[in-house]
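Atom set for the values below is all heavy atoms of this structure, side chains included, hydrogens, waters and symmetry mates excluded. Everything numeric in this text was worked out from a predicted model, so none of it was measured.
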Amino acid sequence: MIIEARGLTKIYHLGGTTVAALDGIDLDVAEGEMLAITGPSGSGKSTLMQIIGCLDRPDSGSYVLSGEDVSTLSEDRLAEIRNRRIGFVFQTFNLLPRLSALENVELPLLYAGLPHAKGRAAESLEAVGLADRMRHEPNQLSGGQRQRVAVARALITDPAILLADEPTGNLDSKTGDEIMALFASLNRQGRTIIVVTHEADVAKHCRRQIHLRDGRIVDGAGAA
Amino acid sequence: MLFWVIVKVGIRSLLANKLRSLLAMLGIIIGVGAVISMLAIGAGAKQSVLARISAMGTNLLIIRPGQSGSHGVASGTQQNLTLADAEAVLAEAKGIRRLAPVVNGSAQVKYLNRNTRSNVTGTSITWLGIRDFSIDKGRSFTEQEVENGSRVAIIGPVTAENLLGFNDPVGEVVKVKGMSFTVVGVLTAKGDQGWFNPDDQVIVPYTVAMKQLFGLDYLREIDIQAQDGFDLTALQDDVTSVLRKRHRIPENSDLDFEIRNQADMIRATTDITKTFTYLLGGIASISLLVGGIGIMNIMLVTVTERTREIGVRMAIGAKRSNIRTQFLIESMILSGLGGLLGSAAGVLGARIIAAASPFPAAVEWSGVLLAISFSAMVGIFFGWYPARRAAALDPIESLRYE
């Protein structure tokens, strides 16, 4: 298992009331799976994504990522895990302005202190079909191209999981389908992919879907 | 590797907001520029004053009569410094290399139909050596001429040109206060010293000057040159006690003469310059402080504007320390560049002031280096708080920041 989560809870205090964003989530994800996490807004899917992505820690429960319990690690250690084992793809692409596509893609390698950053970044961009756009800055690229750059950046450190948060939310449906097709092809090559979305159209590209409501999994728990 | 990427990103984000970056740096630019040009003027003034002091000669003591009058109200120069005083000092004080009595005044000097007003100095032949003059053309006086009261003169090159044009003045006869003097020599030019031009003067034997030209029985000045390596202050004390005895001045009473010591003059100049430098240093730190606050302000704005970027960097693996370093480097670039531009402005300003005004300016490169490194330090100091705020941002909220 790449992900073994048991009894994950996350409670937010808003004014006087407490809201359980996650209320005892158990989730196993096997290597090579392509999983969709769906649910209406406020269902806790963003919180779950943040915990899976090591941006946040659960209040209780355990989260084992590729054999290591990451639910109690220090912030610096979590930054290293995000750098090496998780590749993020965001709805709004989140490329850094004023940096070329190539420089955006090599950035995780620079934080990791890994060698040959330029060459590996170029290979990664070729893999998503952007060999001829390496020197372009994000504002010179179309939405679909930007998202491909973001995918290339997410894959550059060869992460255990690719974590996509509404990856087609800012794209037209044709481009969105192309991105999902890219995900499917990466999945066929063995990449574990988790897509968080509220769109059924997007979710149906994934072989396994889990549905969240009020911080609990109401459909599709357990292994596929 | 990461460091250079951070520098590159920093420079690009500064270039993306050129006007804003320039305005943020302006405080530092103006502060550093002002200090460097002021220091250059101060250093230039010091150099020129020291040059004037050393142009007077070396190891020099100058004895002048005191001011007459009482209770600090000067009513004229006393007439109590005599040739006998000069002889006594030369005989009794230890450490004197040579000594010259001096009487001087301004007088009309004529040659044919040309005339000019020059400083006329009556002295002995040792004076030229004491005051570091040398003869360009002709010769100095002889002892015989001084003793006999011969009407011979050595003239400065400016006086020579004013009176005689380009003709060789040696052997010509000029009239000083209507009396004929034969020019025997011309001084080598020293250059205008500001309050006095040593190149425009007529030097005659003190015997003639006292008896015939000015009709004086007292001296205006006694110039003494100490032996090389002899302590000027010790000599000054010795001379003081000789004159005190001769003038019958009891201990604890005010002297009726004053002695100027060249070492003291140099020390006073250096002290004034030092004070001036400290003062400028104070102004510099205030302007760097103000400049630093400007940079802190812009860095805080930058951190807020780039919240989302900070979130993205954290999501792809930047540690908080990486973020802190990035913003520290950016503020250092901003302030260091400000220091660099300010130095350039200061050096340029000093050149312009030197060219357009009578103040000489000497840029001290150690000061320039200090100013630049100081500005970079200002960047670290005032960049610290914004960088800490950037590093403390929550990655989740930063990623959502619009």
Side-chain angles (χ1 to χ4, degrees), chain A residues 10 12 21 46-47 49-51 53-57 74-100 102-118 121 137-139 150 153-157 159 163 165, chain B residues 1-21 298 301-330 333-334 387-402:
Chain A
K10 186 76 186 177
Y12 292 114
S46 292
T47 307
M49 187 215 73
Q50 285 153 10
I51 289 173
C54 293
L55 284 165
D56 205 355
R57 282 174 289 207
S74 71
E75 283 194 334
D76 275 3
R77 199 60 198 106
L78 283 182
E80 284 171 24
I81 301 255
R82 290 196 296 269
N83 184 235
R84 301 295 188 96
R85 299 201 203 154
I86 296 176
F88 284 99
V89 175
F90 301 95
Q91 178 176 359
T92 51
F93 323 131
N94 278 341
L95 300 177
L96 299 193
R98 295 189 289 278
L99 287 187
S100 70
L102 192 68
E103 287 166 324
N104 263 290
V105 174
E106 72 173 337
L107 210 51
L109 290 180
L110 297 176
Y111 282 121
L114 291 174
H116 315 304
K118 276 267 183 308
E137 288 185 13
N139 58 13
R153 179 178 67 185
L155 293 176
I156 188 81
T157 51
L163 195 55
D165 183 15
Chain B
M1 201 54 195
L2 182 59
F3 175 82
W4 289 113
V5 173
I6 290 175
V7 170
K8 204 155 77 179
V9 171
I11 290 173
R12 281 189 208 167
S13 70
L14 295 181
L15 285 178
N17 292 298
K18 286 191 197 66
L19 182 63
R20 194 169 84 181
S21 307
I298 236 55
V301 172
T302 303
V303 168
T304 306
E305 274 184 355
R306 287 160 63 186
T307 299
R308 162 96 59 148
E309 176 192 321
I310 293 163
V312 174
R313 284 177 183 274
M314 285 175 166
I316 64 173
K319 292 174 187 163
R320 295 196 185 280
S321 56
N322 293 138
I323 302 293
R324 190 165 54 228
T325 309
Q326 177 183 349
F327 283 93
L328 269 181
I329 288 177
E330 284 190 26
I333 292 173
L334 204 56
R388 235 189 54 176
R389 262 181 58 158
L393 286 172
D394 177 51
I396 297 170
E397 277 170 28
S398 306
L399 278 168
R400 284 200 204 115
Y401 188 85
E402 290 299 329

Would you mind checking which part of Leu55(A) comes under 4.5 Å of any heavy atom in chain B, side chain (CB onward), backbone (N, CA, C, O), both or neither?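 Leu55(A) touches chain B through backbone and side-chain heavy atoms alike.
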
Structural part of Arg153(A) lying under 4.5 Å from a heavy atom of chain B: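 Side chain of Arg153(A) only, per the 4.5 Å heavy-atom cut-off to chain B.
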
Just so I understand: if I count every heavy-atom pair under 4.5 Å between each of Met314(B), Glu309(B), Lys319(B) and chain A, which residue has the most?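 The answer is Lys319(B).
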
Can you name the closest pair of heavy atoms from [X] and [Y] and give their distance?
X	Y	value
Ile310(B)	Ile323(B)	CG2-CG2, 4.0 Å
Tyr111(A)	Gly317(B)	CB-O, 4.0 Å
Leu107(A)	Leu96(A)	CD2-CD1, 3.5 Å

Arg388(B), CZ atom: more than 12 neighbouring heavy atoms under 6.0 Å: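 Incorrect, the count does not exceed 12.
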
Just checking Arg84(A): does its CZ atom have more than 12 heavy atoms from other residues, nucleotides or ligands closer to it than 6.0 angstrom?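 12 or below, so no.
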
Is there side-chain contact between [X] and [Y], with at least one heavy-atom pair below 4.5 Å?
X	Y	value
Lys118(A)	Leu102(A)	yes
Arg98(A)	Lys8(B)	no
Val303(B)	Glu330(B)	no
Lys10(A)	Ile51(A)	yes
Glu103(A)	Glu137(A)	no

Counting heavy-atom pairs under 4.5 Å with chain B, which one of [options] comes out on top?
options	result
Ser46(A), Gly53(A), Pro108(A)	Pro108(A)
Glu75(A), Glu80(A), Arg82(A)	Arg82(A)
Leu109(A), Ile156(A), Asn94(A)	Asn94(A)

Enumerate by number any residue of residues 12-19 of chain B whose heavy atoms lie under 4.5 Å from heavy atoms of chain A; in the absence of such residues, state 'none'.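 Arg12(B), Ser13(B), Ala16(B), listed by number.
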
In residues 395-402 of chain B, which residues are in contact with chain A at a heavy-atom separation under 4.5 Å?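 Heavy-atom contacts from residues 395-402 of chain B to chain A are Pro395(B), Ile396(B), Leu399(B), Arg400(B).
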
Given 3.5 Å as the limit, does a donor-acceptor pair link the side chain of Arg320(B) with the main chain of Leu393(B), or not?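 Pair found, side chain donor or acceptor close to backbone of Leu393(B).
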
Within the side chain of Asn83(A), is there an N or O that forms a donor-acceptor pair under 3.5 Å with the backbone of Ala318(B)?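 No, Asn83(A) side chain to Ala318(B) backbone: no donor-acceptor pair under 3.5 Å.
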
